[in-house]
Amino acid sequence: MTVEPSDFSAAKDCVSCGLCLPHCPTYREYPVEMASPRGRIELMKGLAEGELQPGPALEEHLSLCLGCRACETACPSDVRFGHLLENARAVLKDAGASGWTSSALRRLFLNQVFPRPAVLSALASSLRFYQTSMLRRWVQSLLRLMPGPVERLEALMPDFTAPWSAPPPELPAHGPERGVAAFLTGCVMPHCTGEANDATLEVLRHHGYRVLTPKDQRCCGALHLHSGYQEEARQLARANVSAFEATGADVVVTSSAGCGAALKEYGDLLSRDPEWAERSRAVESRVRDVHQVLAETDPPPPMGRIALRAVYDDPCHLLHGQGVSLEPRQLLRAVPGLELVEAKEPDWCCGSAGIYTVTHTEMSLRVLDRKMEDLLSLEPDIILTANPGCLLQLRLGVARSGSDVPVHHVMELLARASRGPDLTGPDELRRHGLTGERTR
Amino acid sequence: MSPTVDPAVRSEIAGVVGARYVFDRDEEKRAYSYDASLIRARPDLVCVPGSAEEVAAVVRVAHRHRVPFVARGAGTGIAGGSIPIEGGIVIALTRLNRILEVNIPDRYAVVEPGVVNLDLTRRVENEGYCYRPDPSSQKVCTIGGNVASNAGGPHCLAYGVTSNHILGMEVVLPDGSITEIGAPHLEPGGYDLTGLFTGSEGTLGIATKIICRLSRSSEAVRTMLASYDRMEDAAAAVEAIIAAGVIPAALEMMDREIIRAVEAAVGAGYPVDAEAVLLIEIEGPRDGLNESSDVIKSLCLDQGAREFRTAQSEEERQKLWKGRKGALGAVARIKPMYYLHDGVVPRTRLLWVMKKIAATAAQHRLTIVNVFHAGDGNLHPFILFDPADADEVRRVHLAGEEILRACVECGGTLSGEHGIGIEKNEMMGWIFSEQDLETMRRVRSAIDPAGVANPKKVLPSGARCGELSRSPGSAPAGAWI
Ligand code: SF4
Ligand code: SF4
């Protein structure tokens, strides 16, 4: 299924008012029109009209986009930028107009690694063994090829030292059952931020959910979609639609914002596939971010005290991609003792954006540094977010800033609060972390 | 392939600003071919200098080679002022975005032209100050662009347009020399060149430093919304408020269609079944505020307001304004494109001109929606159309001209705040005599004898360019867009 000019019809909603410009991180850091949402839409119009051809210029300007979709939230005319960008990248990919990042690293990860749990798992365990040797050197030499500051880039390497194994297919609710949730684990999260997944399961159960984790679920396809690999994304979507419809669960839940945003667009993705269109819409309609599900629990279950000053950083794919920003804050404010402070620019991207950190290191780090300045100026005891990519990126940011503020998923904090005992303050956090004893 | 500049010009400019900030691929020219108007034209080269010296050096190159140049800020203009209608070089000033000096005791700030309007207020608001002009695009538009177009905004009813808030500037003249005009202190004597340059739309040079007046923020502000079932009643309320001598800081009117579009876009809390709403803001010392708002309330109710509401919190107030300020983008929900004018009429002719607009819309089978600065009679009729419909585009053009003619006929003028640009320059003869225009031409050619600074703008050229029928750009009629 190739991209057609009609796939760019959303571009005509753009009236070139420019109101999106100040919300765009790449434009703010590099104030030229081609690095702005309006400029990118103009380029995509040119592509759709056939006036502009796929080639280095389009590749350069469109690949610099973070895909954060902050422009969508800002746009009074409701231009569906994310959708346009996916189509444009598919056109560029099909035309083979790709820089080295796409042709080498990107293809390796997208085709060989993310869609295959076994390969990803093998890669993760080999990373565990070789983190200080061969593979790390290979990555470092790749990184050295890239422009811009490369110092401390090895901090990009997530910590693969804690292996995570998939949970049993079914886990009962703690206490009386309020509902049944099918859990999407995400394909990256299990291997580098497994604690967040464990915590999600624990919190869901604490809130009265029986949790089903279908074994045959696959990568959600978000990264493929963002890189123009639409067919691959559709294959993954079909696999997930059948895995999740088979569970019969009330809700399909994920604690990875990027995955959630992708799942919530399965209906669109498969809309031209007669066999799957309806099924994918049915599954899509049940997809919720974990914060949405938990925030509806009435009455909320009891929470232990956590005496910390925390700041929550909105993942773009939750704030702009799913319009979810109040729920995480509501859940955090309900934790006794927790002081929630607000950043000056909570809607500023952290620069993670999937594999952007690796493909556009310089821009990624500039966007990140601005984020860290804002967050660290609040002197938080802990930084919380809700997406694995952001989690890793913010940890890199903390390290780059020479700070040691811990960064965790909101679910980890909520799991700790639901588990008790009280967390008495930053000292205790520093000594023992959040995890405590794992329960499953 | 679009034309290119002489390679020598390109390399000289690259030598000034660095290769990274020179663009001339087709993609890049296209990205600098538009602003928020409908007029489009491609430059031959784009450069983004990083300092005033670089701007001057680029202008010297352009002048020496007699290549036209156009300065550009955020590209939010609605009269095509920054469109390179003659090709040549676009000099984007977006990197010149530093606030160079803030002097609270003497109440001024020195900024570079690419500083975003709202960023200046944000910088000084904690100290109780602000920069008054507040165009609806103030989150995006640059102060340099505001100076060029002598921009207004909802609050110019009480505080005046940009020229009332600019004390001086450093200007790169069309030959590349740098001069300073005005001063942080009022009235330096001599010719009022600051007044001349403000609103000159880049035809006399490029401001590289701007001295802005800072004003004390009002102690308190109150924002009210009055809804009407009849447009006539809303217009009568505007007249009554002004006649009573209460000058609100802002007095905005929106009609039914725009209310609906805005509600769908941002959910500002306007009643979607009203024919018109008035958004009224008063400012001042806390003490007098209750009295003024009571007067306004009773005047609005006297004229038949079906609902009168006062924002109870800053959040609610921001929401009401978000609706007004997002109107420009929100209209695209009704039809893909709009043609926006900003003609001015005497306040007493508001209702007359509203009826005239409605009649024009009916006659040309067009949808025209209205949002305007009612307090100072500054209209903003959006004529909506689909660029794919060539006949509709033609009718849009006729309707636009008729509306402006009506404004001029009843004693008003062509533009309240958006500028003349390339959109209305041929209509200047409606309000100025040939002698008036000749005086302006002489001023212009005294400062830019080579005619390289934003040619074909502001003053009539004889031949009409940038026709609306061509302007929706490169898409052939009937194409997908
Ligand atoms: S805010 Fe929306 S309509 Fe305006 S320029 Fe940006 S994308 Fe286009
Ligand atoms: S998705 Fe983000 S980076 Fe891309 S244009 Fe929109 S705001 Fe800018």
Side-chain angles (χ1 to χ4, degrees), chain A residues 4-24 27-62 71 73-79 97 147 344-345 362, chain B residues 20-21 23 25-28 30-38 40 46 48 72 74-78 90 92-97 114 116 118-119 136-137 139-141 261-262 264-266 322-323 325-333 336-338 386-388 473-476 479-481:
Chain A
E4 294 166 15
S6 65
D7 290 326
F8 292 96
S9 59
K12 76 175 187 305
D13 295 334
C14 175
V15 293
S16 65
C17 67
L19 290 181
C20 50
L21 266 55
H23 300 270
C24 174
Y27 178 75
R28 292 287 287 262
E29 294 298 324
Y30 180 47
V32 307
E33 196 66 27
M34 294 76 70
S36 79
R38 181 175 60 178
R40 287 172 180 138
I41 290 168
E42 185 65 25
L43 297 184
M44 294 190 274
K45 280 184 187 172
L47 187 63
E49 287 161 10
E51 200 254 346
L52 300 177
Q53 304 306 321
L58 280 183
E59 165 73 19
E60 178 189 326
H61 296 308
L62 293 181
C71 47
T73 304
C75 175
S77 183
D78 235 8
V79 174
K344 275 202 291 295
E345 298 181 317
E362 188 194 343
Chain B
R20 184 168 178 210
Y21 287 107
F23 303 99
R25 291 185 283 191
D26 283 345
E27 289 78 3
E28 292 148 351
R30 184 165 172 152
Y32 279 95
S33 68
Y34 53 79
D35 59 11
S37 74
L38 292 168
R40 290 177 163 234
V46 178
V48 194
R72 178 188 163 102
T76 55
I78 6 199
V90 161
L93 300 167
T94 40
R95 284 172 71 208
L96 294 185
N97 57 4
V116 169
L118 189 61
D119 287 352
S136 296
S137 56
K139 269 163 74 176
V140 191
C141 62
V262 157
V266 299
K322 194 173 174 192
K325 300 212 166 183
L328 196 93
V331 290
R333 286 167 185 255
M337 276 292 163
Y338 57 75
D386 183 344
S474 27
W480 62 277
I481 178 165

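Keep in mind the model is a prediction, meaning the values are calculated, not measured. Below, read A as the first sequence line, B as the second, and so on, with proteins coming before strands; counting in each chain starts at 1.
Both the backbone and the side chain of B:Ala330 come within contact range of chain A, judged by heavy atoms closer than 4.5 Å. Neither the backbone nor the side chain of A:Arg40 comes within less than 4.5 Å of any heavy atom of chain B. Heavy atoms closer than 4.5 Å to chain A are found in the backbone of B:Lys325, but not in its side chain. Contacts between B:Arg95 and chain A at a heavy-atom distance below 4.5 Å involve backbone atoms as well as side-chain atoms. Of the atoms belonging to B:Val48, it is side-chain heavy atoms, and not backbone ones, that fall under 4.5 Å from chain A. For chain B, the nearby part of A:Cys14 is the backbone; its heavy atoms alone come within less than 4.5 Å. The parts of A:Leu19 that come within reach of chain B are both its backbone and its side chain, each placing non-hydrogen atoms under 4.5 angstrom from that chain.
A donor-acceptor pair is defined here as one N or O able to donate and one able to accept, closer than 3.5 Å; such a pair exists between the side chain of A:Arg38 and the backbone of B:Gly75.
For the atom pair A:Leu52 CG and B:Arg25 CZ, the distance stands at 11.5 Å (nearest 0.5 Å). Expressed to the nearest 0.5 Å, how far CD of A:Gln53 lies from CG of B:Asp26 amounts to 10.0 Å. Taking NE2 of A:His61 as the start and CZ of B:Phe23 as the end, the distance is 6.5 Å to the nearest 0.5 Å. With rounding to the nearest 0.5 Å, the separation of CG in A:Leu43 from CD in B:Glu27 is 7.0 Å. Rounding to the nearest 0.5 angstrom, the gap separating the CD atom in A:Glu33 from the CZ atom in B:Arg72 is 4.5 Å. Note that NZ of B:Lys139 is 3.5 Å distant from NE2 of A:His23, once rounded to the nearest 0.5 Å.
The shortest heavy-atom contact between B:Thr94 and A:Tyr27 is CG2-OH, 3.2 Å. The shortest non-hydrogen separation linking B:Ala36 to A:Cys17 is CB-CA, 4.0 Å. Scanning all heavy atoms of the two residues, the minimum distance from A:Pro31 to B:Tyr32 falls at O-OH, 4.5 Å. Contact between B:Ala265 and A:Pro76 at its shortest, heavy atoms only, is CB-O, 3.4 Å.
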